[in-house]
Amino acid sequence: MIPMHMKKRVEIVVEAPALHRLLDRLDRAGVTGYTVVAGLAGRGHDGAWDSSGLAGEAGRMMLVICILDEARLGAVIEGVYDVVSRQIGIVAVSDVFVVRADHF
Amino acid sequence: MIPMHMKKRVEIVVEAPALHRLLDRLDRAGVTGYTVVAGLAGRGHDGAWDSSGLAGEAGRMMLVICILDEARLGAVIEGVYDVVSRQIGIVAVSDVFVVRADHF
Amino acid sequence: MIPMHMKKRVEIVVEAPALHRLLDRLDRAGVTGYTVVAGLAGRGHDGAWDSSGLAGEAGRMMLVICILDEARLGAVIEGVYDVVSRQIGIVAVSDVFVVRADHF
């Protein structure tokens, strides 16, 4: 069996207009990789939304997934929280095992 | 370090025509937020599908992610299972840590 | 409460041109279901990319999620790693609980 290494998976849901700022924070916190997925619809503290955009781009949410070493978690959470706390957004952290430890 | 709180992440894969019914069950079970992502392609017990839709909208799958307090998990799973058990679908629950406990 | 069963959730991020090969490996390793989601943008070891595709299809990443029994994990990881190790890609494994054990 290929050896696996424990890392942290950070999943962030953020309003589309804040995405660029969020990714900038990830970069500054030393995150080497992330994937962005567009939300189609959703519901949060500000009510329901969908990508057809009655509320415009502002209401659309983006899902950002990144995997990082636990050593970076504190800095990443603080950077992300700084963006997300001023808006609608979620930050959820879980344990994952990856095959290539050197990538994170 | 910002304090974090353990919650449950529920990930549901459901056929597009059942999405509205599923979201209604989440609402009724007290889920305050969720994000819907459109599947591009996939494979399940009913065979392979893709979003170009040879099988039409019925074959398309949606991914719904929500984070909730463990206290609500039983009610949510029952509501969701009620929708998913009659169709193709998956419900997977995992532990996550979030920064804003009051949101869930 | 509906009984739940522990399974493994495997999340793979892979370049679009390698998707077909990856899904073929999942099939051969006995994976009965997966969902593919298109990445909108991201950053990896090869730099940043987005779906508007300056780098063309080659640069676009796909997210593949599958849930499987732990008994299959070794074979799946080996098949997936064989595809991903030659390219940009991530394989992350976590624990999940599902309601329908017979599906995986």
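Treat the numbers as computed from the prediction; the structure is a model and nothing was measured. A, B, ... follow the sequence lines: proteins, then strands. Residue 1 opens every chain.
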Derivation and outcome, side chain to side chain contact (heavy atoms under 4.5 Å, CB included), residues Val96(A) and Glu11(C): CA-CA 10 Å; Val96(A) 288; Glu11(C) 181 175 78; 5.8 Å; no
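When heavy atoms are compared at a cutoff of 4.5 Å, Met6(A) does not approach chain C at all. Proximity to chain C is absent for every atom of Ser94(A), based on heavy atoms less than 4.5 angstrom apart. With a 4.5 angstrom heavy-atom cutoff, Val37(C) touches chain A only via side-chain atoms. When heavy atoms are compared at a cutoff of 4.5 Å, Ile65(A) approaches chain C solely by way of its side chain, counted from C-beta outward. If you measure heavy-atom distances from Ala38(C) to chain A, the contacts under 4.5 Å come from the backbone alone. Within the 4.5 angstrom heavy-atom criterion, no atom of Val10(C) approaches chain A.
Contacts of Arg72(A) classified as salt bridge (Lys or Arg N to Asp or Glu O under 4.0 Å), with partners at least two apart in sequence or in another chain: none.
Smallest separation of non-hydrogen atoms from Ala92(C) and Ile67(A): CB-CD1, 3.5 Å.
Ranked by heavy-atom pairs shorter than 4.5 Å toward chain C, the options Asp95(A), Leu19(A), Asp27(A), Leu23(A) are led by Asp27(A).
Separating the CD1 atom in Ile77(C) from the CZ atom in Phe97(A) is a distance of 11.5 Å, to the nearest 0.5 Å. Put simply, NZ on Lys7(A) and CD1 on Ile90(C) are 11.5 Å apart, with the number rounded to the nearest 0.5 Å.
Other residues, nucleotides and ligands contribute at most 12 non-hydrogen atoms within 6.0 Å of the CD atom of Glu70(C).
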